[in-house]
Amino acid sequence: MAYTLDAVLEKYATYGYFQKRTLLVCCLAVLVGSPQVSILVFIASTVTWHCAEIGTGMSSEKGRCDLYQSGQCSPVFDNHGNHTAGNINAEFGLLCEHATDGSIAQSMHFAGALLGCLCAGWYSDVYGRLRAILVGVVIMVCGSLWTTAAHSFWSFALSRFVVGTGGMWSGIVMMVLVSECVEKETRAHTTSVLSCSMSVGMATTSFIAYYFRDSWRMLFLVLTILSALSGVIIWLFTEESPRWLLTNGHYSTLKSQLERWARCKNKEIPVEALDSIQSWACGEDDDQAAAKISLSSLWSGRLRRALLALLFCWAMVCFISYGVLLNVEHVGGSIYVSFFAIALVPVPFNYMAIFILEKIGRIPGLFWSFLLAGICTGLCAVSITSMQSETGSTSSAHSLASQWLLLFSVLAKATATVAFSALYTYSPELFPTAIRTSGLGMCTFVSRFGGVAAPLVIAWGNHHPAMPYVIFSICACASATAICRLPETKGKKSPQTMDDVSRLFTVVGRED
């Protein structure tokens, strides 16, 4: 009987102690790294200020800016608002026409994530998942230290680029690692749990930002120390992916690993099963040569349009998800409370994603989550327009429209989270093992273009508050249409060759 790695994992080394330990360690690393993504919501938010020479009597922002630009105004920042103390806008003097420069720093973070996506996939496919994760953590820690010491805005922005590179570098490889350590029935569970840890980490940003609201430098120093500790824990308690070991011919290490995992289940792997896996790893299987493929193989005539649809969905889900979260300043009320609500609500929806993906499948789950996200963001645009008509300002914290806006923002984030979790589960199931991390890296690389665009669109919302939500709604509905071009992977074996990928499309009649 010929055994595959999937068959051995399912029969002898199912989800056990070592896989759970790997998942727990990766969740811890994601938990402490997530605040780096969204912390600028608090430390780069709008500040209130007045001219020392005039006092608080001049309410016209244009008048204050004219005096400031002519050198006749020394700005004094109010420390009585919800989120003005410990602010980079105050420290670096980002006022008037530079008041939205904080969005540039946020976009720089996502631009760094582009580089991380581009490099991490190749590096982990060549040198291994574990080593790639550790390299990403080191890059993030170095960037975070630079942020702590930054003494100009552009130094700060460049440091965010480095942090984004390291954070995404390690993040996408951790997602692949936890999915490759388990049998196919458990993949959706492990990737959704890892996504939940990111949501929890995002939500804790509110508490961290509030506690260190008087010193953003101390805040980043604490985040740096936590990230460094997580790297040490990963180094001590995480193992290499068995699928990477198999694909790269490290059979002795793979055999030892599988035997230990099986012993935890009080089972013993038969010699013939290990020999069958060894024959593939050592090149005795005819299919191994076919498995040595490159990403360019995915751009063949039959698969090109489907891959483009997948990449479009990745860009849009990142654009919508981060756009709704980072636009929290326009929701009204306490920025800490509103951010916590929007950031935390994905946790139950990540678990719901597990149920949805296993019950109705990957493609129907993606379609409905994108469609509902489009409806919710459209209702956000209606609510914020209503706030303007009621109060003349989008900052009213107590209007009914503001409460509706918070509700629809929470629902939009929740449905976008289901789509994000589904894509992270679905995409690795679509790529052959030899380029699985590179394939997921390509997807997350493209998604970061959406992340780069989100803060810039939100800055546009300072002049047209409803416009960002209108754009989010259109993009979500377009993604729901695009996802229909892709094949279902629920319950199917992980593809090893391009022929396996082609068969996925052939079964559903989607060969182009």
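The structure presented is a predicted model; accordingly, all values stated were derived computationally and were not measured. Numbers for residues simply follow the sequence, beginning at 1.
- In terms of modelled atom types and a separation under 3.5 Å, the side chain of Gln19 and the main chain of Gly16 share a donor-acceptor contact.
- Side-chain atoms of Trp146 and Ser155, non-hydrogen and from C-beta on, do get closer than 4.5 Å to each other.
- A distance of 13.0 Å separates CD1 of Ile483 from CG of Leu371, quoted to the nearest 0.5 Å.
- Cation-pi check for Lys413 over Tyr322 is met; the charged atom lies under 6.0 angstrom from the ring centroid and within 45 degrees of its normal.
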Do any side-chain atoms of residues 168-176 form donor-acceptor pairs under 3.5 angstrom with protein atoms, and if so which ones, sequence neighbours left out?
from   : atom 1 : to     : atom 2 : distance (Å)
Trp169 : NE1    : Ala132 : O      : 2.8
Ser170 : OG     : Gly166 : O      : 3.1
Ser170 : OG     : Gly167 : O      : 3.2

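- Taking the six-membered ring where the residue is Trp, the centroids of Trp216 and Phe212 are separated by 6.0 Å or more.
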Criterion salt bridge (charged side-chain N to carboxylate O under 4.0 Å, His left out) on Arg129 and Glu240, from CA distance to verdict:
CA-CA 6 Å; Arg129 315 312 194 206; Glu240 186 54 83; 5.1 Å; no
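- Close placement of the Phe207 and Phe340 rings is indicated, their centers lying within 6.0 Å of each other.
- Nearest approach of Ala373 to Ala416, heavy atoms of both residues: CB-N, 4.3 Å.
- Ser107 places a side-chain N or O within donor-acceptor distance of the main-chain N or O of Val452, the cut-off being under 3.5 Å.
- With a 6.0 Å radius and a threshold of 12 heavy atoms from other residues, nucleotides or ligands, Arg217 has its CZ atom above the threshold.
- In this structure, Trp261 and Phe18 have parallel ring planes: the angle between them is below the 30° cut-off, well short of the 60° mark.
- When atom types are taken as modelled, the side chain of Arg160 and the backbone of Gln36 share a donor-acceptor pair closer than 3.5 angstrom.
- Within the 3.5 Å criterion, the main-chain N or O of Met202 finds a donor-acceptor partner in the side chain of Thr205.
- For an aromatic pair to be called close, the ring centres must be under 6.0 Å apart, and Phe42 with Tyr210 fails this.
- Atom-to-atom distance recorded for Trp314:CH2 and Cys117:SG is 9.0 Å, nearest 0.5 angstrom.
- Judged by distance alone, the side chain of Arg21 and the main-chain N or O of Phe237 form a donor-acceptor pair under 3.5 Å.
- Side-chain contact, Thr22 with Glu239: no donor N or O sits under 3.5 Å from an acceptor N or O.
- Judged purely by atom type and a 3.5 angstrom limit, Trp244 uses its side chain to pair as donor or acceptor with the backbone of Ser124.
- Atom-to-atom distance recorded for Leu221:CG and Thr147:OG1 is 11.5 Å, nearest 0.5 angstrom.
- Between Tyr127 and Tyr123, the ring-plane angle classifies as tilted under the 30° and 60° cut-offs.
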